[in-house]
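Keep in mind it's a predicted model, so treat the numbers as computed, not measured. Naming convention: chains lettered A, B, ... in sequence-line order (proteins, then strands); numbering from 1 in each chain.
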Amino acid sequence: MASAAITQDEKTNYLNADYGIKSWLLTTDHKRIALLYLISITMFFFLGGFFAMLIRLELLTPAGDLVTSDTYNKLFTMHGIVMVFLFLIPAVPTVLGNFLVPMMIGAKDLAFPKLNLASWYVYMLGGGWVLYAIITGGVDTGWTFYTPYSTTFSNTNVVAAAVGIFIAGFSSIFTGINFIVTIHRMRAPGLTWRRLPLFIWSNYATSVIMVLGTPVLAITLLLVAAERLFHLGIFNAQLGGDPLLFQHLFWFYSHPAVYIMILPGMGVISEVVTCFSRKRVFGYDFVALASICIAVLGFLVWAHHMFVAGISVYAAMVFSLLTFFVAIPSAVKVFNWIATMYQGSISFETPMLYAFGFIGLFTMGGMTGLFLGSLGIDVHVHDTYFVVAHFHYVMVGGMVMAYMCGLHFWWPKITGKMYPEGWAKLSALLTFVGFNLTFFPQFILGYMGMPRRYHAYPPEFQVLNVLSTAGASVLAVGYVLPMIYFVWSLRYGQDAGPNPWRAAGLEWMTSSPPPTSNFETTPVVTWEAYNYDEIDKQQEVPVAS
Amino acid sequence: MPASHTAEHASHDLRHHFADMEQQKETATLGMWLFLVTEVMFFGGMFCAYLLYRLDYYTAWVAGSERMNIYLGTTNTAVLICSSLTMVLAVHFAKLGNRKATAIFLILTIVLGLGFLGIKAVEYHEHWVNHEVPGPNFHFEAPKPGASLQYSPKNVEIFFSLYFAMTGLHAIHMIIGVGLLTWLLVRNARGDFSPYYNSPVEMTGLYWHFVDVVWIYLFPLLYLIRHK
Ligand SMILES: [Cu+2]
């Protein structure tokens, strides 16, 4: 029985239940695996960020002076590969999702705990291969591995990188299968589908994409590797093979993959906005269904990456139209968050600041996505910094903001400690300002015609590039700062208590950090999701028993 | 089943995070089916490539298909169908708790699986000897002018690339399957399975049937194309 009266030091929890390196490396506790992921993903995030800093430093001056063009090609490729495959895709599901999915549905663990641990090892193995590819000279194909350059002409370590991503893909598949089965079969009594937190809905939709999309990427990269290693000729134009086939297969996964990245983030925002507005989410059914719609529609738009690659005009028109359809469920979410805030009792704790940042930046990222989905504009800005800016608004402004938002929101639950609020607010502010300073100039640069993936540029673009590099430095501070105070809080932070935000949701009805089995007794759910009106009336959370 | 039996077996077969054996079983089944969905998508990428190139280069596909050893291919199809039968029987006897019969049918399935791989190896060897393996040593005669079937030998190389990619990946799945069956054999000998707990046998069975079904598609698509 969990209640607000529990004092932390009397309790054994998942962190102090067992000690020693073995108890971590062989754990099947979803909460400990989430922490394993948190540490490894943070490492890859800073590695990818390091490449980004080198890119920005090179672009400080018009001349290609800091690194050679070959090195520059490798820098943006490694930045893309590490960030996309080893950070953005796994981050929210494997860290926050791993920790929260069983807790939010009142289960003791994920359906397949051993598979969950295996997914971390597989992820590390894939990451290891990518590191090996980096150390042995890097890859210069861009994160997209376009053929025939990747299969025939590049003389960098394409096979190692492709194999690394292939392996890491299986960790996604394992996580996806685990989440879907868990959400179907492990819910607590009384927790019907329409009572599920929206974070669960969005992770469910994400898992569907992981399960359906990742295998296609896996086979595609396997064929690229086989083509290099064994001289198979599947994409080889000299034999009559079709490089466009590669692009179709690649984007069949890699467009939906951006929803793997953003959907769990949207789930985080739904939790945070309701909590700090003290209101039930506006239009629960619509927000939940929007996640599923995004997952389904996401599979039907991939060729919008290929408008200038030589696909038929009619196909391009259909894909353009379908791309516009994706905007509908995305906008439903944004409008519903704002409607949730309307007449709510809003407070401005750090997670809410990040959520505000997310909503604004995601809206800009999404709207510029519509520019790119329009055939005429796409021809103009294709392969320019406009695309780079759009992508980073959605991924960094959207997904990373949401990830930071979630980390702050659930940090008290994960560790039992509060982070320092003042520093955290500062980091949220720095991230927002630094981000816009970095990437807004890139919209203008792209519109003016600066192509991406070049290490030198005409002098008239310098002012905007200097602004962008300056912004990147501010952004870096905004990311390093939380690293420091999160670690600091482990020792010096105030005890959080079970529910510092007076939030709804089963995860808040157990102690912080939770016991190994999450709940002393399986909770029975008799209330609707986000019952903030009732919680505030009682001035305390309903007790699970 | 009687409650007393369930309780007796549940103690060591039930994982700590499930409420009862039924939930545990349902969970395993759903997970396995989802895994098979990912496998469909995995092979799907190659079937997609196959379809595209077959539409583009139909005559080359006919020329390549005529080099397949249809006798060995047909034998292998029969071998795999028989192995599906022995697999079903292994699952059946595992559910009855008949350890000896389970072991016999698991061994038969393994033997048939290895037989398939052996025959496949013979076929690969034939292609190797005939210079039909893609790469620098690939050689395929161009059609004589005026022959009824006109094709480009280069396109035939794509056919053989897909042939080796698809059957190779299928063979890797067979090898994994044989490994799983061996693991089941050990667990069966240890007495892990009972009428109350036999999910691993059933799940491996699902996997084995899936791999068989893939072959049922590969066989006509690769071996049975003839000139219209
Ligand atoms: Cu896209």
What about [X] and [Y], are their ring centers closer than 6.0 Å?
X: B/Tyr124; Y: B/Phe164; answer: yes
X: A/Phe319; Y: A/Tyr314; answer: no
X: A/Tyr204; Y: A/Trp193; answer: yes
X: B/His127; Y: B/Tyr163; answer: yes
X: A/Trp129; Y: A/Phe166; answer: no

With chain B, which of [options] has the greatest number of heavy-atom pairs at distances under 4.5 Å?
options: A/Leu249, A/Ile173, A/Leu212; answer: A/Leu212
options: A/Arg185, A/Lys108, A/Met186, A/Met210; answer: A/Arg185
options: A/Gly213, A/Ser517, A/Ala111; answer: A/Ala111
options: A/Asp109, A/Ile177, A/Asn178; answer: A/Ile177

[X] portion near chain A, given a 4.5 angstrom heavy-atom threshold:
X: B/Phe138; answer: neither
X: B/Phe159; answer: neither
X: B/Ile158; answer: both
X: B/Phe35; answer: both

Among [options], which residue has the highest count of heavy-atom pairs closer than 4.5 Å to chain A?
options: B/Val37, B/Val133, B/Leu52; result: B/Leu52
options: B/Gly168, B/Pro136, B/Ser161; result: B/Ser161
options: B/Tyr53, B/Phe160, B/Phe18; result: B/Tyr53

Give, as side chain, backbone, both or neither, the part of [X] having an atom under 4.5 angstrom from any heavy atom of chain B.
X: A/Leu223; result: side chain
X: A/Glu227; result: neither
X: A/Ala218; result: both
X: A/Leu110; result: backbone
X: A/Ala226; result: neither
X: A/His248; result: neither
X: A/Asp242; result: both

Worksheet item: Only one of A/Thr27, A/Asn98, A/Thr182, A/Thr28 clears side-chain hydrogen bond (donor to acceptor under 3.5 Å, both in side chains) with A/Asn116; which?
Response: A/Asn98
Worksheet item: Less than 4.0 Å between a side-chain N and a carboxylate O, is that true for B/Lys25 and B/Glu202?
Response: yes
Practice prompt. May I ask you to list the residues in residues 251-260 of chain A that approach chain B closer than 4.5 angstrom, counting heavy atoms only, ordered by number?
Written response: A/Phe252
Practice prompt. Would you mind telling me which of B/Phe116, B/Tyr217, B/Phe42, B/Phe43 makes a ring pair (Phe, Tyr, Trp, His ring centres under 6.0 Å) with B/His170?
Written response: B/Phe116
Discussion item. Walk me through whether B/Trp215 and B/Thr77 qualify under side chain to side chain donor-acceptor pair (under 3.5 Å).
Written reply: CA-CA 7 Å; B/Trp215 178 259; B/Thr77 308; 3.1 Å; yes
Item to complete: Given side chain to side chain donor-acceptor pair (under 3.5 Å), test B/Glu126 with B/Asn69 step by step and report yes or no.
Response: CA-CA 9 Å; B/Glu126 278 182 11; B/Asn69 189 327; 3.3 Å; yes
Discussion item. If I take atom CG from residue B/Leu80 and atom CG from residue B/Asp212, how far apart are they, to the nearest 0.5 angstrom?
Written reply: 4.5 Å
Worksheet item: How far does CG of B/Leu72 sit from NZ of B/Lys120, to the nearest 0.5 angstrom?
Response: 8.5 Å
Practice prompt. List the atom of A/Thr522, the atom of A/Pro189, and the distance in Å for their closest heavy-atom pair.
Written response: CG2-CD, 3.9 Å
Response to the item:
From the list B/Asn188, B/Asp192, B/Leu184, side-chain contact (heavy atoms from CB on, under 4.5 Å) with B/Pro200 holds only for B/Leu184
Item to complete: Determine whether more than 12 heavy atoms belonging to other residues, nucleotides or ligands lie under 6.0 Å from atom NE2 of B/His16.
Response: yes
